[in-house]
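This report concerns only the one structure given below.
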Number of protein chains: 2
Amino acid sequence: MNKSYDINEFKNPLFTVDSALFTVIGNSLKVLMVKRANEPFLGRWGLPGGFVDVDIDDSTDLTALRKLKEKTSVAPQYLEQLRTFSGINRDPRGFSVTLVYFALVAEQDVSSHIDTVEDAQWVDIKQIADLPVAFDHKHIIEQAKERLQQKALYSMVPVYCLPEYFTVSQLKSVIEAIIGKTIQRKSLIRRIEAAEMFEVLDEKVKSGGRLAQLYKVKPGVDIVNFERNLSV
Amino acid sequence: MNKSYDINEFKNPLFTVDSALFTVIGNSLKVLMVKRANEPFLGRWGLPGGFVDVDIDDSTDLTALRKLKEKTSVAPQYLEQLRTFSGINRDPRGFSVTLVYFALVAEQDVSSHIDTVEDAQWVDIKQIADLPVAFDHKHIIEQAKERLQQKALYSMVPVYCLPEYFTVSQLKSVIEAIIGKTIQRKSLIRRIEAAEMFEVLDEKVKSGGRLAQLYKVKPGVDIVNFERNLSV
DNA sequence: TACGGTTAATGTCTTTGTGACACTTTAAGG
DNA sequence: CCTTAAAGTGTCACAAAGACATTAACCGTA
């Protein structure tokens, strides 16, 4: 390789990868926050993330996954890019760029591990305002929440907040926790059928009334997008 | 500022900002390509872009705008982030990250300037396959095209490929060039009315038949998104 | 000035998918 | 066996797009 292209020829901005990892606990949407162990903003809460390790990470996706695994011990069920945030004032060390991912997990997959670490916690989306948050992460979380809410209206992504086997009622309440409104059970069932991305299991599960049908995501299928939003 | 946070403590990946600038000429969707004047991939065609200049650019948005102005002499009418692409193999210089924007302009705003420069040209989206393209920019353009097509189905972004004053027929043919299918004129008119983002001008313009109504975007309005896609 | 060609705009019936909500089914517990 | 509760179904209303016929307005030409 021609040595005249020095990788440090240009003053590179500070580049980090952060993730907004969401789940639904009870009827509330939660986001994973981590207590910062370093300056800047030491002691405040921020999104899990950090620098790319070019010797380990094949891509920024793997950086995000690696950092999330450090905190949760598992890979999230859903991961996609949100967007990047940049500016000269968002980090005291200078011009910085952060690539933010947004991710979903089922609570039960990670809660046991998170309970054992002191520096990570699920924060209710409504309580972010009161928390001492690092950088512009409050703003980032707001953007990520809006994207998630939008996606919940036209896609099946909320299933990734559920365990492998789930019922219509579970999916309904997860969607409702995300968008903050109730939806029609009938409409959801119609979508489940139209999506053709779920297996109907033989098993049923008790629920206080009639037994509920269990579903699971068909292996290998992609998330389905609909051509129409649920009503707002 | 505490000097213990050395900005070069971590091996930063190579970070660039590129843009996929689209327009519609005739009935074809075109993307702006630039002949590379430097290694790597000298002489091949790539997306306009480059490194952030932390002394000039307040954010990566401004990096994208600055680089586009160098090639077109004007700011695009529409600019938004597509996503980032990263990896260890996409640039021979090492691990690289590129933040890609996708942008729209009216052809007449820039064509005169582009004709005068040798190293930039509008390339028909269908002819990208035959062009010697740098990096993974073929793949990036494909992704940008898909996003643009999707947006054309549920939003009014295609107006940004049109001059200030335009007719329904012009908007219709721009949308059709983008998505590669015909749409119902009636449906488009219904959306124009529902969006409430256009002014109906007194002026009309001749078109070979009945005079066509002129519209313009109301100043200060945001792009309107619909809750339903046009049919595919 | 009348007529045909051409493009713009409207009218309207059909189609599709969601909202609303009543109704039926099936389980648990007394 | 009756009550309660949640699961699941049936059905009509409604909203917005598709399809396509009809009307409107302009131009050139005879």
Side-chain angles (χ1 to χ4, degrees), chain A residues 27 149-156 158 162 165-176 179-216 224-232, chain B residues 27 149-156 158 162 165-176 179-216 224-232:
Chain A
N27 289 313
Q149 289 178 333
Q150 195 54 33
K151 285 221 156 201
L153 294 177
Y154 68 79
S155 83
M156 281 293 180
L162 290 171
Y165 303 132
F166 61 90
T167 67
V168 172
S169 295
Q170 286 178 306
L171 180 53
K172 177 168 182 282
S173 77
V174 162
I175 293 173
E176 289 174 343
I179 65 176
K181 320 204 171 177
T182 58
I183 60 168
Q184 291 283 327
R185 179 186 182 84
K186 178 74 177 184
S187 298
L188 178 58
I189 291 174
R190 282 193 283 232
R191 287 195 160 194
I192 288 174
E193 284 165 3
E196 294 186 339
M197 62 177 288
F198 304 109
E199 273 176 36
V200 178
L201 302 182
D202 294 333
E203 252 177 301
K204 302 195 184 223
V205 74
K206 58 185 164 189
S207 60
R210 178 174 170 175
L211 297 189
Q213 179 63 56
L214 277 180
Y215 293 84
K216 68 172 283 197
V224 170
N225 294 321
F226 298 92
E227 293 195 350
R228 198 163 157 180
N229 283 3
L230 293 173
S231 290
V232 287
Chain B
N27 289 312
Q149 289 178 333
Q150 195 54 34
K151 285 221 155 200
L153 294 178
Y154 68 80
S155 85
M156 281 293 181
L162 290 171
Y165 302 131
F166 60 91
T167 66
V168 173
S169 294
Q170 286 177 306
L171 180 53
K172 177 167 181 282
S173 76
V174 162
I175 293 173
E176 289 174 343
I179 66 176
K181 318 202 173 183
T182 58
I183 61 167
Q184 291 283 327
R185 180 188 180 84
K186 178 74 178 184
S187 299
L188 179 57
I189 291 174
R190 282 193 283 234
R191 285 194 163 195
I192 288 173
E193 285 165 2
E196 295 185 340
M197 62 177 288
F198 304 109
E199 275 175 33
V200 179
L201 303 182
D202 293 335
E203 252 177 300
K204 302 198 184 217
V205 75
K206 59 185 161 191
S207 59
R210 177 173 171 175
L211 297 188
Q213 178 64 57
L214 277 181
Y215 294 83
K216 69 172 284 196
V224 170
N225 294 322
F226 299 91
E227 292 195 350
R228 194 162 159 180
N229 282 3
L230 294 173
S231 291
V232 288

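Below, read A as the first sequence line, B as the second, and so on, with proteins coming before strands; counting in each chain starts at 1.
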Quiz item: Taking N and O atoms by type only, does the side chain of A/K186 place a donor or acceptor under 3.5 Å from a partner on the base of D/dG10?
Solution: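 It does, because a donor-acceptor pair links the side chain of A/K186 to the base of D/dG10 below 3.5 Å.
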
Looking at [N], I'd like to know if its phosphate oxygens (OP1 or OP2) sit under 4.0 Å from a side-chain N or O belonging to [X].
X: B/S231; N: D/dA17; value: no
X: A/Q184; N: C/dT18; value: no
X: B/S169; N: C/dA8; value: yes
X: A/R228; N: D/dA16; value: no

Side chain of [X], backbone of [Y]: donor and acceptor closer than 3.5 Å?
X: A/Q213; Y: A/L201; result: yes
X: A/E176; Y: A/I183; result: yes
X: A/S155; Y: A/A152; result: no

Quiz item: So what does B/R191 touch, heavy atoms closer than 4.0 Å: a base, only the sugar-phosphate, or nothing?
Solution: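 Sugar-phosphate: the residue B/R191, judged by heavy atoms under 4.0 Å, touches backbone atoms but no base.
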
Quiz item: When all nucleic acid strands are considered with a 4.0 Å heavy-atom cut-off, which category describes B/K204: base, sugar-phosphate, or nothing?
Solution: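 Counting heavy atoms under 4.0 Å across all strands, no contact is made by B/K204.
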
Distances under 3.5 Å between nitrogen or oxygen atoms of protein and nucleotides 22-25 of chain C:
from: C/dT25; atom 1: O2; to: A/R210; atom 2: NH1; distance (Å): 3.0

In whole Å, I'd like the distance from the [atom1] atom of [X] to the [atom2] atom of [N].
X: B/L188; N: D/dG18; atom1: CG; atom2: P; value: 10 Å
X: B/I189; N: D/dG18; atom1: CD1; atom2: P; value: 13 Å
X: A/Q213; N: C/dT26; atom1: CD; atom2: P; value: 13 Å
X: B/K172; N: C/dA8; atom1: NZ; atom2: P; value: 9 Å
X: A/L214; N: D/dA6; atom1: CG; atom2: C1'; value: 15 Å
X: B/I192; N: D/dA16; atom1: CD1; atom2: P; value: 16 Å
X: A/K181; N: C/dT18; atom1: NZ; atom2: P; value: 18 Å
X: A/R185; N: D/dA7; atom1: CZ; atom2: P; value: 5 Å

Quiz item: So do B/S169 and B/R185 actually touch side chain to side chain, heavy atoms under 4.5 Å?
Solution: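 Yes, their side chains come closer than 4.5 Å.
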
Quiz prompt | Pairwise side-chain contact, B/Y215 with B/T167, heavy-atom cut-off 4.5 Å (strictly under) | solution =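 In short, these two side chains do not touch, never coming nearer than 4.5 Å.
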
Exercise. Nearest-nucleotide wise, let me know which of A/G208 and A/E193 is further upstream toward the 5' end of DNA chain D.
Key: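 So the residue in question is A/G208.
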
Quiz item: When the aromatic ring centroids of B/F198 and B/F166 are compared, is their separation below 6.0 Å?
Solution: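 Yes; B/F166 has its ring centre under 6.0 Å from that of B/F198.
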
Exercise. With the side chain of A/V168 defined as its heavy atoms from C-beta on, choose the nearest nucleotide among D/dG8, C/dG19, D/dG18.
Key: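 Looking only at side-chain atoms, A/V168 lies closest to D/dG8.
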
Quiz prompt | Which residue lies more 5' along DNA chain C, comparing A/L211 with B/L211 via nearest heavy atoms | solution =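 Its nearest nucleotide lies further toward 5', so the answer is B/L211.
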
Quiz item: Closest heavy-atom contact between B/A195 and B/V224?
Solution: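 Scanning both residues, the minimum pair turns out to be O-CG2, 3.6 Å.
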
Quiz prompt | Face-on cation placement of A/R191 at A/F226 ring, 6.0 Å and 45° thresholds | solution =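 Yes, A/R191 lies over the aromatic ring of A/F226.
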
